[in-house]
Enquirer: 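Below is a structure I'd like to ask you about.
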Protein chains: 2
Amino acid sequence: MKDIVVSSRVRLARNYEDLPFRGRITGEQSEACVQRTLDALRELPEIYQLFLLRSADEVERKALMESHLISPDLMQHEEAGAALIRRDEKISIMMNEEDHLRIQAFAAGDDLGGAAENAFSIDDALQRHLSFAFDPQWGYLTACPTNTGTGMRASMMLHLPMLTLLKQMGKVNQLAAKLGLTIRGIYGEGSEAQGNLYQLSNQVTLGRTEKEIMDAVSAVAKQMGEMERVFRQKAEEKDLIILEDQIFRSFGLCCHARRMPLKEFMAHWSNLRLGAALEKLPLSLEECDALLISAQPGHLQKAAGRALEEKEMDEQRASLIRNALNGGTK
Amino acid sequence: MKDIVVSSRVRLARNYEDLPFRGRITGEQSEACVQRTLDALRELPEIYQLFLLRSADEVERKALMESHLISPDLMQHEEAGAALIRRDEKISIMMNEEDHLRIQAFAAGDDLGGAAENAFSIDDALQRHLSFAFDPQWGYLTACPTNTGTGMRASMMLHLPMLTLLKQMGKVNQLAAKLGLTIRGIYGEGSEAQGNLYQLSNQVTLGRTEKEIMDAVSAVAKQMGEMERVFRQKAEEKDLIILEDQIFRSFGLCCHARRMPLKEFMAHWSNLRLGAALEKLPLSLEECDALLISAQPGHLQKAAGRALEEKEMDEQRASLIRNALNGGTK
């Protein structure tokens, strides 16, 4: 499924039972929330880095958001917001977001199980020392009732260029909605899915077990992947030249352009990933997915070590992409 | 001047004094026109090929037109139209066009002198055996009075992308007109100059010597070239990234596209030639100019050995261009 699924993610919402929810929590209590989490997780063998929102600059925040390690919502807690991030960026524990804790775990490709395992290992480590707000009937209690129950959101990032091109996403959305799942564009403005990337996730957290949620997301992802593959195959059989032209034009532009605006890049990226999935380009899916992140504004600015103007950013992006594709400056 | 001037051309209009002009000429006389020309030129050391319009197919005609070896006007003389073409394609003697003879000579780059020398060598060879319609006061007599006098048209094909981009061609046209010269788009439909290519030539053939005509064309070409170079230099100094982005995007697309419509190619070609002239691309001006011709419809079909549909043509063109640029199919 790596040809379709870019990454998997599991998020658990948790709240300490002795601290008030957001809105009523004091500054001191927010600090306590961070401190007790750090203390409880000191035993973890891997290296974690603490990120305090108040001491991070705009560039750093942006880069972490692009990697999904922190959420836009965390930004609204300027004073107390924090995140504990495993060095390999596979786990991030946000603190003082909408809930006291948002435990997130990430895995490349189609691996909700792997992500869940990591997320629950943190959940377990914390529960060895601390108690979460939990109701025997309702399950985990959360600031917003839509997360109550498992507190889990299982999601997969899917690359669906042919379903998008052939205007099948409306149909696919309906299919997902029937099973309590939802599909959103990612890195997009409004409803537009830049890069033909979609995030499939569960809408409902209550009345289902964690396993049921993950199974539903996996099953629908699999079905969407099969549909996408059928259309890819049809295109290869019927319109090979058109398909290859589209892929290689993006490759050619990415190998040689000197300025690359983000929006244009996202369209080319989709073609590069399709080309990598169909083994038409000298580019692996992993290289392609790494490029998606490193070409985002926050990451570009982080690499440059300073804030960049749009113009500079487009040049740096073009340069980064050229190097990544080994087109170099020839 | 090779960075600006693609090619130079000299054409001489000549008519046999004992044969009626077009419109009154009989079929038999048209045949005689061809025969006596062939006979008179038998002494030439180089290898010439005779092309008879009536026995050539559409593809061959098109390819010869694209190389300017025959003219659209020759097409209107289906029965008697012919051309004697030197194997290196530097000389073409059209017979039974508007005039009995149109002696054309071509040279790469800025070399009107070289072209003229070749054209006059044919003129001399013919006049050793035959007599042309010539009036001591008016000079060579021609079917259309606009060619009377020297019967000469001296022209240069100029590549002027920056003058076009910066909308200076109106000014340049006025400058040329004042000196009795004219500028036309080439390979273009209507007024649009595809590939930013322009043909500068003399409008007036009467009351000036051949040398004066060639000097005027050369002088204006030189002036246009200097203007173009100033704008190129300014762009390199002020907007280097924009300029390079434009050049390398075209290069990237040409190296990788699988379908390349003619009109799109002409726009990229202009950027390729600019990039070659500014020594930014791994491409010589000669390779670039050869590609301009070989990517035209007639040449593509000639290479394929058959008539091609538009779709096939776009694919063949893309393939030809990829190979020429060594981008290959990587």
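In what follows, every chain begins at residue 1, and chains take the letters A, B, ... in the order their sequences are listed.
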Enquirer: Does the plane of the ring in A/His256 sit parallel, tilted or perpendicular to the ring in B/Phe251? Use 30° and 60° as the thresholds.
Expert: perpendicular
Enquirer: Output all residues satisfying salt bridge (Lys or Arg N to Asp or Glu O under 4.0 Å) with A/Asp111, sequence neighbours left out; order by chain, then residue number.
Expert: none
Enquirer: Hey, what do you get for CZ (A/Phe248) to CZ (B/Arg259), rounding to the nearest 0.5 Å?
Expert: 14.0 Å
Enquirer: Within the supplied structure, the quantity of interest is the number of heavy atoms (other residues, nucleotides, ligands) at a distance under 6.0 Å from A/Glu286 CD; does it exceed 12?
Expert: yes
Enquirer: Any pair with a residue in residues 293-306 of chain B that passes salt bridge (charged side-chain N to carboxylate O under 4.0 Å, His left out), sequence neighbours left out, goes on the list, sorted by first then second residue, please.
Expert: B/Arg306-B/Glu312
Enquirer: Under 4.5 Å, heavy atom to heavy atom, which residues of residues 232-246 of chain A contact chain B?
Expert: A/Ile241, A/Ile242, A/Glu244, A/Asp245
Enquirer: Answer yes or no: does atom CD of A/Glu226 have more than 12 heavy-atom neighbours from other residues, nucleotides or ligands under 6.0 Å?
Expert: yes
Enquirer: With sequence neighbours left out, what residues match B/Ser270 under side-chain hydrogen bond (donor to acceptor under 3.5 Å, both in side chains)?
Expert: B/His159, B/Asn196
Enquirer: Could you state the interatomic distance from CZ (A/Arg249) to SG (B/Cys255), rounded to the nearest 0.5 Å?
Expert: 12.5 Å
